[in-house]
Amino acid sequence: MSAQTVDAEPMAAVGQAKMTARDVDVYYGEKRALHSVDCDVIENEVLSLIGPSGCGKSTFLRCLNRMNDTIDICRVEGNITLDSQDIYDKELDVVQLRARVGMVFQKPNPFPKSIYDNIAYGPRIHGVSSHKDDLDGIVQRSLEGAGLWQEVKDRLAEPGTGLSGGQQQRLCIARAIAVSPEVILMDEPCSALDPIATAHIEELIDELRQNFTIVIVTHNMQQAARVSQKTAFFHLGELVEHNLTGELFTNPKDERTQGYITGRYG
Amino acid sequence: MSAGILFALILLVAFSGYFIGRGRSLSVAGGAMADLHSLPSYYGLYIALWVGVPGIFLILVWLFLEPIIIEAMVLSSIPGYETMTEPDRQLALATVRNLAGGIGIREDTSADLLAAASRYTGLNSTSAWMMFAVGMALAAGTLAVTYRHIATEMRARNRVEAIIRFLLVLCSVIAILTTVGIVLSLLFESLRFFARVPPQEFLFGFQWSPQIALRADQAGASGAFGMIPLFAGTLLIGAIAMLVAVPIGLTAAIYLADYAPARVRAIVKPVMEILAGIPTVVYGFFAILTVAPVVRDFGVMLGIDASANSALAAGVVMGVMIVPFVSSLSDDVINAVPQAMRDGSYGLGATKSETIRLVILPAAIPGIVGAVLLAVSRAIGETMIVVMAAGLAANLTVNPFDAVTTVTVQIATLLVGDQEFDSPKTLSVFALGLVLFAVTLCLNVIALRVVRKYREKYE
Ligand SMILES: Nc1ncnc2c1ncn2[C@@H]1O[C@H](COP(=O)(O)OP(=O)(O)O)[C@@H](O)[C@H]1O
Ligand SMILES: [Mg+2]
C-alpha cells in the first residue's frame with residue numbers, strides 16, 4: 001500500500017544531506033498520520049512540502065525538531081537524523097535540538113514582550129550571552145537578517161504584538177535566527193499575510209538560504225516554485241513524490257502529483 | 001391560606017386559558033392555518049399570560065398592603081389613639097394581634113382592646129373574601145377580554161414576546177432594587193451612627209471598645225469606636241491567608257494547566273472544587289480544634305507568648321479555604337494564554353519551566369492579579385472562620401501569634417443576642433458593614449476590570 005517514492009536522479013548529485021528521515025511513521029493515538037516517509041533535506045537548500053490539507057505536512061515538519069513531543073497522544077517511529085545523529089536518541093537533549101532546528105509558525109506568534117526581548121529570548125535562555133553589548137549585536141543582526149531592522153530600530157522597546165502581521169512574522173523569523181540555528185522549519189509562514197508581506201518573506205527565504213537550511217510547508221504552489229529548490233508532495237500521509245522543484249511541477253512522475261498541481265483536487 | 005387557594009385557582013384558569021386560546025385561534029382560522037398570524041400556541045400563551053400575570057401580581061400587592069391598611073384601621077378605632085406615642089401604638093397593636101389569635105385574654109383586658117381585636121379579625125376575613133372575589137373577577141375578566149381579542153390578524157407572537165420581555169425586565173429590576181435597598185439602608189443607618197460618633201473618630205480611631213458603660217465605675221466599657229484595630233486585624237489575617245493561598249493556589253494552577261496529564265487533571269480539578277464547597281463553619285472548627293493548638297505550641301516552642309486564639313491559625317485556615325478559588329481562577333487565566341505562545345517558546349528550545357516563567361506567567365500576570373484581588377475580597381468578607389478562631393480582642397498588632405479581631409467578627413458578635421437598635425454599639429454594625437462593602441466593592445471592580453482587559457488582549 002505504501003506508494004513508491006519517485007526519486008529523481010539529479011538529486012543525489014548536489015549538496016550534502018543535512019537531515020534525513022527514514023521510514024517515519026507518526027500516530028495520533030490510534031490514528032496513523034504518516035506512512036513510512038523517507039526524505040532528505042539538503043544543506044543550504046529550501047525544501048517545500050506541498051499537498052492537500054490534512055495530508056501530514058505539518059506533522060512531518062514537527063517531527064524534524066520534535067515539536068510533536070509536546071502533544072501527549074503523538075507517537076513517532078522510524079529514524080530521523082541531523083548531521084547523521086539520531087534526533088530521537090534518548091541521550092539527545094531536545095532543548096539543544098530545537099536550538100539547532102528552529103521553527104516559524106503559521107500564525108505570527110510574537111511574545112507579549114518588547115521587540116528587543118522577543119529577539120533576545122532565545123539567546124538568553126541558551127545562555128549565549130548575558131552581556132548587554134553582545135545581546136544588542138545579536139538583536140541587530142537578527143533583525144537585519146529578517147529584513148526588519150530599518151523598520152523597527154527606533155522602537156525596539158515597543159511591544160512586538162503592536163507590529164503589522166507581516167512585520168510580526170519577520171519578527172518571528174528574526175527570533176528564530178537569533179539562536180543561530182542550522183535548519184529553520186516554517187509552517188505556512190505566509191498564509192496569514194497579505195501579498196506584499198508575502199513577497200517580503202519570500203525574498204527573505206531566498207536570502208536565508210545562504211546560511212540556513214530551510215523546510216517550508218506551503219499551500220501555494222507558485223510560492224513553492226519561487227522559493228524552493230526541492231519539493232515534496234504529500235498525500236494522505238504518504239510522501240508521494242520528492243524531486244527538484246522545477247522537475248516536479250513540469251514533469252510530475254506520479255498521477256496524484258499531477259492531479260494536485262493541475263488543480264484536480266486538494 | 002385563602003391566598004394559596006386563589007393562587008392555585010388563577011394558575012388553573014391561566015392553564016385552561018392556554019387551551020381555550022389555542023382552540024379559539026384554530027376555530028377563527030377555520031382550518032386555514034396559514035391565515036393565522038402566529039402559531040396557535042402563541043394565542044394560548046397570550047391568554048394564559050394575561051390571566052396569570054395580573055392575577056399573581058394582584059395577590060402579591062394585596063398581601064403587601066393588607067396588614068398595613070388593616071392595622072391602620074384598627075389602630076384608629078382604639079379610643080385615645082391620637083394621644084398615644086409610637087411605642088405605645090406598637091404595643092397596642094401587638095396586644096390586639098395576640099387577642100385576635102386568642103392569646104393573653106384575661107379578666108382585666110380592656111374592653112377597647114377586645115373590641116379592636118374582634119374588629120381586626122373581622123377586617124381580616126373581609127379582606128380575604130374581597131381578595132378572592134377581586135382575584136377571580138380579574139381572572140374571568142381578562143380571560144373574556146383576551147378571548148375576544150383573538151382574530152386571525154392578531155399578532156399574538158409579538159404580544160407574547162412583549163409580555164415576556166416585560167417579565168424579564170421586572171425580575172432584573174427587582175434584583176437591582178434589592179441591592180440598592182440594602183446599600184441605602186446601610187447608608188442611612190450608618191448616618192444615624194455617625195450622628196452619635198463622629199466619622200473621623202470612627203475611621204481613624206485607634207481604640208475599639210463598643211461596650212458603653214451603664215455605670216460610671218464600670219471597667220473596660222468606654223464606648224470607643226475606632227475601627228483601625230479591626231481593619232488591622234482584617235488585613236493581618238487576610239495577608240496571612242494570601243501568603244498561604246497564593247503560592248499554593250498558583251503552583252497548583254500551573255501544574256494543572258501545563259504539567260498534569262489529562263487523566264490527573266480530570267481527577268484533581270473536581271476534587272479542588274469539592275474543597276471549595278466545604279462549608280466555612282467546618283473550616284472554622286478545623287481551625288479552632290486542630291490548627292490553633294498547633295500554632296500555640298509552635299509559638300511556645302519559639303518562646304513567643306502565643307494566645308489560644310491567634311491570627312495565624314485563622315489566617316492559615318482561611319488561606320487553605322481560598323486555595324481552590326485562586327487555583328481555579330488562575331488555571332483559567334493560564335489556559336487562556338494561547339498555545340501559540342507555548343509553541344513559540346518550545347520552538348526556540350525553551351524548557352517547560354522557562355516557558356512558564358518567561359512567557360506564560362508574564363502574559364497571565366494581569367489575570368492572576370485579578371484572581372488574587374477577588375480572593376482578597378473574599379478573605380476580607382469571610383466571617384465564620386475568624387469568629388471561631390481569631391478571637392475578640394481588638395489588639396492593634398502585627399504579631400501573628402496574638403489574638404486579633406476583624407470587622408466581620410465584630411459585626412457578628414455585636415448582633416448576637418437582644419439589641420436595642422438605637423445605641424451606637426448596635427448602629428456601629430452598619431458603619432462597619434458600609435466600610436466593608438466599600439472596600440470589597442472597590443476590590444471587585446478593580447479585579448474584574450483587570451481580568452476583562454486581559455481577556456480582550458487575546459481575542
Ligand atoms: N494534535 C493532533 N491530534 C490528533 N490528530 C492530529 C493532530 N494534529 C494533526 N492531526 C491529524 O493528522 C493528520 C495530518 O495533519 P497535519 O499534519 O496537520 O496536516 P497538514 O499540515 O498537511 O494540513 C490530520 O488528519 C490531522 O487530523
Ligand atoms: Mg498544517
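Numbered from 1 within each chain, the chains take letters A, B, ... in sequence-line order. A quick note: this is a predicted structure, and the numbers were derived from the prediction, not measured.
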Is the NZ atom of A:K107 crowded by more than 12 outside heavy atoms at less than 6.0 Å? no
Chain B heavy atoms under 4.5 Å from A:R175: which part of the residue, side chain, backbone, both or neither? both
Heavy atoms, side chains only, cut-off 4.5 Å: are B:V359 and A:Y121 in contact? yes
Atom pair CE (A:M67) and CG (B:D343), whose distance is rounded to the nearest 0.5 Å: 4.0 Å
Distance from A:N109 atom CG to B:R342 atom CZ, nearest 0.5 Å? 12.5 Å
Neighbour count >12 (heavy atoms, 6.0 Å) for atom CZ, B:F298: no
Tightest non-hydrogen contact, residues A:H126 and B:G349, listed as CE1-O, 3.5 Å
Please state whether the side chain, the backbone, both or neither of A:P110 comes within less than 4.5 Å of a heavy atom of chain B. backbone
Counting only non-hydrogen atoms closer than 4.5 Å, does A:V94 touch chain B with its backbone (N, CA, C, O), its side chain (CB onward), both, or neither? neither
From A:I125 CD1 over to B:T355 OG1, what is the distance, rounded to the nearest 0.5 angstrom? 7.0 Å
Around atom CZ of A:F105, are there more than 12 heavy atoms from other residues, nucleotides or ligands closer than 6.0 Å? yes
